[in-house]
There are 2 protein chains.
Amino acid sequence: MAQSTKERLLETGMALLLERGYHDLGIQALLEETGTPRGSFYHHFRSKEDFALEVIDRYMAEVHEGLDACLGDTAAPPTVRVRRFFELSGEKYRREGYLGCLLGGLGQELSGVNEVFRERIETCLSEIAGRIADCLEEARAQGEIPADSSPTEMANVLLNCWEGAALRSRLWRSPKPLTQVLDFYFGSVTAEGRVS
Amino acid sequence: MAQSTKERLLETGMALLLERGYHDLGIQALLEETGTPRGSFYHHFRSKEDFALEVIDRYMAEVHEGLDACLGDTAAPPTVRVRRFFELSGEKYRREGYLGCLLGGLGQELSGVNEVFRERIETCLSEIAGRIADCLEEARAQGEIPADSSPTEMANVLLNCWEGAALRSRLWRSPKPLTQVLDFYFGSVTAEGRVS
DNA sequence: ACCTACAAGTAGACCGGTCGGTCTACCGAA
DNA sequence: TTCGGTAGACCGACCGGTCTACTTGTAGGT
């Protein structure tokens, strides 16, 4: 068997959750899409909520892979590495038809109702922001950005703006908001306050 | 009667849609919350979808009121007026318990599944961006921002970043992402590239 | 080599509850 | 008497979740 039943459910589930959101995606639809009987689903997952949380785990694993690949490349200046990570994410969005970010989607939909999801997704985002902040701290140390910058704050602002652009890109079905926000952010971060 | 049944449904519905989202909010819950019989609801609205669209209309009416109040104040410089509009929105979010923006919430949840909502919400956002762009055009004409700026693009970037901050503020239940993004945006827009 | 025993996973009928929506009856003001 | 609006019983469809039966793969005893 090329792929286990559980993996198939998680992979297809990730795509369906991104497209349809949590409440609009029924177990039934997922089972039909993957040709899985009901019993198998509940053998592998305690509940729909448990399933979605595992999908998020899988999503985060992919994100960390992307972060490893981009931020670890010490040949490039830190701010360039950070930008590359977002450009890589934008590439992924394109392949998916510009449906935005799963964390943003589930976060918006569920954070008003379900505390478990709210905390989990917030944790994921601050984890990502943390790794970006580490890289921006390098940029600060190397003088690429002003010495009085706050890498943590800058990373969070960047990530939040990116999530907003991802939402707009989902509405617009276009990469434009994504590239615009990167141009704006890195344009101002790396040029701001420079004399000469 | 202080408030007609329809108004009561729309007002309460707006709050409930913001908190719970579209799919998680059942007609039943809305009826119980407002003490309305089922028949009244379907007398005033063709369907749940029609209801939500009217809620969006009502929301947009409020947004335009805010825009009128802030952008019309010609005593202040244009960029200050724009900032005031977002600060006013932030005040509103605070009163609601930092649940973010209704357009962002419904946009994320529904734009992958329902074309009607996707187009409507995208139209709303570009309408808002358009009014902000007009004000930024004034700023450009007055030399407050560089002459080679693109007000439309700047307005869209600002609005998108704001929506992202609103999402994070919803997850975080805090105003911090909102104030951070405004400080960053207006800090770089009004200071960028200035010599002396 | 063969039988047994057991567990992991597959299969789908079935459950109570809730969903959005319809329908008829009723009410009160013009 | 008409008509905008209220009232709530009722409908089929679908929801997430449970249950039992079956199929497999395999470890262990003889």
Side-chain angles (χ1 to χ4, degrees), chain A residues 1-56 58 105-106 109-118 120, chain B residues 1-56 58 105-106 109-118 120:
Chain A
M1 202 180 300
Q3 211 180 10
S4 77
T5 299
K6 184 167 183 178
E7 276 173 23
R8 201 167 9 103
L9 286 168
L10 287 172
E11 191 135 335
T12 308
M14 197 185 301
L16 289 178
L17 281 175
L18 178 64
E19 184 189 340
R20 309 179 49 170
Y22 183 80
H23 286 113
D24 190 53
L25 174 61
I27 307 279
Q28 186 65 27
L30 173 65
L31 299 180
E32 278 166 16
E33 192 75 23
T34 54
T36 312
R38 216 170 183 71
S40 295
F41 180 89
Y42 282 98
H43 174 76
H44 292 292
F45 306 101
R46 237 163 297 144
S47 64
K48 186 187 180 186
E49 178 168 326
D50 177 56
F51 168 72
L53 289 170
E54 286 209 36
V55 167
I56 292 175
R58 204 186 160 86
L106 295 181
E109 182 180 357
L110 299 173
S111 63
V113 174
N114 186 311
E115 202 65 13
V116 174
F117 278 104
R118 204 201 99 211
R120 171 69 129 269
Chain B
M1 200 179 302
Q3 211 180 12
S4 77
T5 300
K6 184 168 183 176
E7 276 173 22
R8 201 168 7 103
L9 286 169
L10 286 172
E11 190 135 336
T12 307
M14 198 184 301
L16 288 177
L17 281 175
L18 178 64
E19 184 190 340
R20 309 181 47 172
Y22 183 79
H23 286 112
D24 190 53
L25 174 62
I27 307 280
Q28 186 65 26
L30 174 65
L31 300 180
E32 277 167 16
E33 192 76 22
T34 54
T36 312
R38 216 169 182 71
S40 295
F41 180 89
Y42 282 98
H43 175 75
H44 292 292
F45 306 101
R46 237 162 297 143
S47 64
K48 185 187 181 186
E49 178 168 326
D50 177 56
F51 167 72
L53 289 170
E54 285 209 37
V55 166
I56 292 175
R58 203 186 161 86
L106 294 180
E109 181 180 358
L110 299 173
S111 63
V113 174
N114 187 311
E115 203 65 12
V116 175
F117 278 104
R118 203 201 100 211
R120 172 68 128 269

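No experiment lies behind these values; they were computed from the predicted model shown.
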Could you give the side-chain donor-acceptor pairs of residues 37-46 of chain A under 3.5 Å, partners two or more places apart or in another chain?
unit_1, atom_1, unit_2, atom_2, d
Arg38(A), NH1, Gln28(A), OE1, 3.3

>> Donor-acceptor pair, distance only, cut-off 3.5 Å: does the side chain of Glu54(B) make one with the backbone of Leu10(B)?
In response: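 The answer is no, because no donor-acceptor pair under 3.5 Å joins these two groups.
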> Checking Tyr22(A) side chain against Gly105(A) main chain: does a donor-acceptor pair fall under 3.5 Å?
Replying inline: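 A pair under 3.5 Å: no.
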> Between Leu53(B) and Phe117(B), is a side chain to side chain contact (heavy atoms under 4.5 Å, CB included) present by the stated rule, with each step listed?
Replying inline: CA-CA 8 Å; Leu53(B) 289 170; Phe117(B) 278 104; 3.8 Å; yes
>> Tell me the interatomic distance from Leu31(B), atom CG, to dA9(D), atom P, rounded to whole angstroms.
In response: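 These atoms are roughly 13 Å apart.
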> For Phe45(A) and dT18(D), what is the distance between atoms CZ and P respectively, to the nearest whole Å?
Replying inline: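 Value for this atom pair: 15 Å.
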Give me the distances for all protein-to-nucleotides 3-5 of chain D N/O pairs that come in under 3.5 Å?
unit_1, atom_1, unit_2, atom_2, d
dG5(D), OP2, His43(B), NE2, 3.1

>> Between Glu7(B) and Arg58(B), does any NZ, NE, NH1 or NH2 come within less than 4.0 Å of an OD or OE carboxylate oxygen?
In response: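 So Arg58(B) does not pair with Glu7(B) through a salt bridge.
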>> Check this for me: does any side-chain nitrogen of one of Arg8(A) and Glu11(A) sit under 4.0 Å from a carboxylate oxygen of the other?
In response: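 Glu11(A) and Arg8(A): not salt-bridged.
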> Which heavy-atom pair separates Phe51(A) from Gly13(A) by the least distance, and what is that distance?
Replying inline: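 The pair with the smallest heavy-atom distance is CZ-CA, 3.7 Å.
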> What are the two closest heavy atoms between Glu109(B) and Gly21(B), and how far apart are they?
Replying inline: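 Smallest heavy-atom distance, with atoms named: OE1-CA, 3.4 Å.
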Pairs under 3.5 Å (N/O, protein and nucleotides 19-21 of chain C):
unit_1, atom_1, unit_2, atom_2, d
dG20(C), OP1, Leu25(B), O, 3.4
dG20(C), OP1, Lys48(B), NZ, 2.7
dG20(C), OP2, Ile27(B), N, 2.8
dG20(C), N7, Arg38(B), NH2, 2.8
dG21(C), OP2, Tyr42(B), OH, 3.2
dG21(C), OP2, Lys48(B), N, 2.8
dG21(C), N7, Arg38(B), NE, 3.1
dG21(C), N7, Arg38(B), NH2, 3.0
dG21(C), O6, Arg38(B), NE, 2.2
dG21(C), O6, Arg38(B), NH2, 3.3

